[in-house]
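Because the structure is predicted, anything quoted here is derived from the model rather than measured.
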Amino acid sequence: MDWIVIALIGVGTGFLAGMFGKGGSAVATPILAAVGVPPIVAVAAPLPATIPGTLVASRPYARAGMIDRDLMRWSLIFGIPATIVGAVATRWIDGSALVQATDVLIAAIGIRFLVGPAHSAEVVPDVSHRKARTVGIALGVGVVSGLLANSGGSLLAPLFILVLAMPIKQSFGTSLIVASALAIPGTMVHQLLGHLDWAVIGVYGAGSIIMAPLGARVALRTDAMRLERAYGACLAILGITFFFW
């Protein structure tokens with residue numbers, strides 16, 4: 001394995017994680033596998049690196065007041081048990097079809113942002129049944145995260161925006177906190193199964209942790225409308241690319 005390339009993958013995914021409120025697992029896994037990391041290690045390695053990386057990236061958002069603590073609390077209460085259920089369910093469920101379905105969903109959400117930004121205001125509007133919607137998002141993303149061994153950030157932030165009508169920067173900041181917690185059950189399962197290569201985790205994670213705060217600062221300084229356009233383009237490209245990978 002080329003350790004410099006692995007470190008650069010961490011740098012790139014860390015920047016994207018900070019800028020777009022996602023853990024980076026969904027992006028890093030296929031790229032790590034493509035450069036020679038054993039597939040099961042490529043699946044598992046980004047998870048533990050996600051935990052410190054997303055927490056570091058969330059700090060600029062927290063200082064800017066872009067963390068919705070009520071949303072974070074409800075997402076964690078229901079999301080963590082759902083992630084455990086999803087991880088256990090991998091014994092009986094083939095995740096390949098779910099991976100492709102998730103890629104299609106991510107691409108569709110990205111195109112939705114490109115066609116028409118969802119909500120660029122910096123104030124959260126009054127949304128009825130917000131708590132019930134939050135619970136639904138947490139349960140759904142939690143199960144998918146457990147099944148696919150990722151932190152769920154690729155789905156959390158866009159669903160916060162589209163379903164809860166949250167401002168984009170607040171959704172990114174809150175998503176980072178929730179994603180860091182949802183990565184913990186998956187990390188524990190992979191550790192028990194012996195899938196974690198701590199050398200890969202350390203090299204990848206170092207690059208990710210360094211660049212994640214920079215990505216967050218760039219996002220916070222970017223106009224919300226332009227950020228939504230860039231976010232939509234990123235999701236669309238990733239979803240389409242990974243579907244045909």
| field | Hydrophobic cluster identity match, Val135 and Leu159, side-chain contacts under 4.5 Å | value | no
| request: With side chain to side chain contact (heavy atoms under 4.5 Å, CB included) as the test, would you mind laying out the steps for Leu156 and Leu182 before giving the verdict? | output: CA-CA 11 Å; Leu156 281 171; Leu182 295 186; 4.2 Å; yes
| Between Ala42 and Leu32, which heavy-atom pair has the shortest distance, and what is it? | CB-CB, 3.9 Å
| query | Counting only N and O atoms by type, is there a donor-acceptor contact under 3.5 Å from the side chain of Ser180 to the main-chain atoms of Ile177? | reply | yes
| Donor-acceptor pair, Ser145 side chain versus Val141 backbone, under 3.5 Å? | yes
| message | Please check this pair: side chain of Thr54 against backbone of Ile51, looking for a donor-acceptor N/O pair closer than 3.5 Å. | response | yes
| said: Let's go through Leu155 and Val144 carefully: what are the C-alpha distance in whole Å and the side-chain angles of both, what is the deciding distance for side chain to side chain contact (heavy atoms under 4.5 Å, CB included) to 0.1 Å, and is it a yes or a no? | reply: CA-CA 9 Å; Leu155 292 174; Val144 171; 4.1 Å; yes
| Euclidean distance, Leu47 CG relative to Ile184 CD1, rounded to 0.5 Å | 11.0 Å
| query | Just wondering, are more than 12 heavy atoms of other shown residues or ligands nearer than 6.0 Å to CG in Leu192? | reply | yes
| Does any non-hydrogen side-chain atom of Pro185 lie less than 4.5 Å from one of Ile80? | yes
| said: Holding to side-chain hydrogen bond (donor to acceptor under 3.5 Å, both in side chains), I want the full list of residues that pass it with Arg63, two or more places apart in sequence or in another chain. | reply: none
| task | Identify, with sequence neighbours excluded, every residue that meets side chain to side chain contact (heavy atoms under 4.5 Å, CB included) alongside Ala206. | result | none
| field | Over all atoms of both residues, closest heavy-atom pair of Ala62 and Ile67 | value | CA-CG1, 3.7 Å
| said: Can you give me the closest heavy-atom contact between Ala157 and Gly21, atom names plus distance? | reply: CB-O, 4.2 Å
| message | Rounded at 0.5 Å granularity, tell me how far CD1 in Ile31 sits from CD1 in Ile9. | response | 6.0 Å
| Taking a hydrophobic cluster as the set of Ile, Leu, Val, Met, Phe, Trp and Tyr residues connected by side-chain heavy atoms closer than 4.5 Å, whether directly or through intermediates, do Leu176 and Leu220 fall within one such cluster? | yes
| message | Return the CZ to CZ distance between Arg69 and Arg73, rounded to the nearest 0.5 Å. | response | 10.0 Å
| message | Would you say that Phe20 contacts Ser175 through its side chain, given a criterion of any heavy-atom pair below 4.5 Å between the two side chains? | response | no
| Between the side chain of Ser208 and the main-chain N/O of Gly205, is any donor-acceptor distance below 3.5 Å? | no
| message | Apply side chain to side chain contact (heavy atoms under 4.5 Å, CB included) to residues Ile137 and Phe78 and explain how you reach the verdict. | response | CA-CA 9 Å; Ile137 291 171; Phe78 290 92; over 6 Å; no
| How close do Lys169 and Thr222 get, heavy atom to heavy atom, and via which atoms? | NZ-O, 2.8 Å
| Test: Asp68 and Arg130 ion pair at under 4.0 Å | yes
| note | Rounding to 0.5 Å, atoms CD1 (Ile111) and CD1 (Ile240) come to a distance of 5.0 Å
| request: Quick one: do Tyr61 and Thr174 satisfy side-chain hydrogen bond (donor to acceptor under 3.5 Å, both in side chains)? Show the steps, please. | output: CA-CA 8 Å; Tyr61 289 99; Thr174 307; over 6 Å; no
| query | Are Trp3 and Leu196 grouped together when hydrophobic residues (ILVMFWY) are joined by side-chain heavy atoms under 4.5 angstrom apart? | reply | no
| task | State yes or no: do Met72 and Leu139 share one hydrophobic cluster built from I, L, V, M, F, W and Y residues joined by side-chain heavy-atom distances below 4.5 Å, directly or via other members? | result | no
| request: Determine the minimum heavy-atom distance between Phe113 and Gly232, stating which atoms define it. | output: CB-CA, 3.6 Å
| Evaluation steps, side chain to side chain contact (heavy atoms under 4.5 Å, CB included), between Phe15 and Val218 | CA-CA 9 Å; Phe15 182 82; Val218 170; 4.1 Å; yes
| Short question: side chain of Arg133, backbone of Leu164 - any donor-acceptor pair under 3.5 Å? | no
| query | With a 4.5 Å heavy-atom cut-off, do Val11 and Ile210 have their side chains touching? | reply | no
| task | To the nearest 0.5 Å, tell me how far Met211 CE sits from Leu8 CG. | result | 10.5 Å
| query | Taking C-beta and beyond as the side chain, do Met166 and Leu71 meet within less than 4.5 Å on heavy atoms? | reply | yes
| remark: Closest non-hydrogen contact found for Leu16 with Cys234 is CD2-SG, 4.4 Å
| query | In terms of hydrophobic clusters joined by side-chain contacts under 4.5 Å, are Ile201 and Val41 together? | reply | no
| Value rounded to 0.5 Å, distance of CG in Leu235 from CD1 in Ile109 | 7.0 Å
| said: Donor-acceptor pair, distance only, cut-off 3.5 Å: does the side chain of Lys131 make one with the backbone of Trp74? | reply: no
| request: Verify whether the ring centers belonging to Phe172 and Phe160 lie closer than 6.0 Å. | output: no
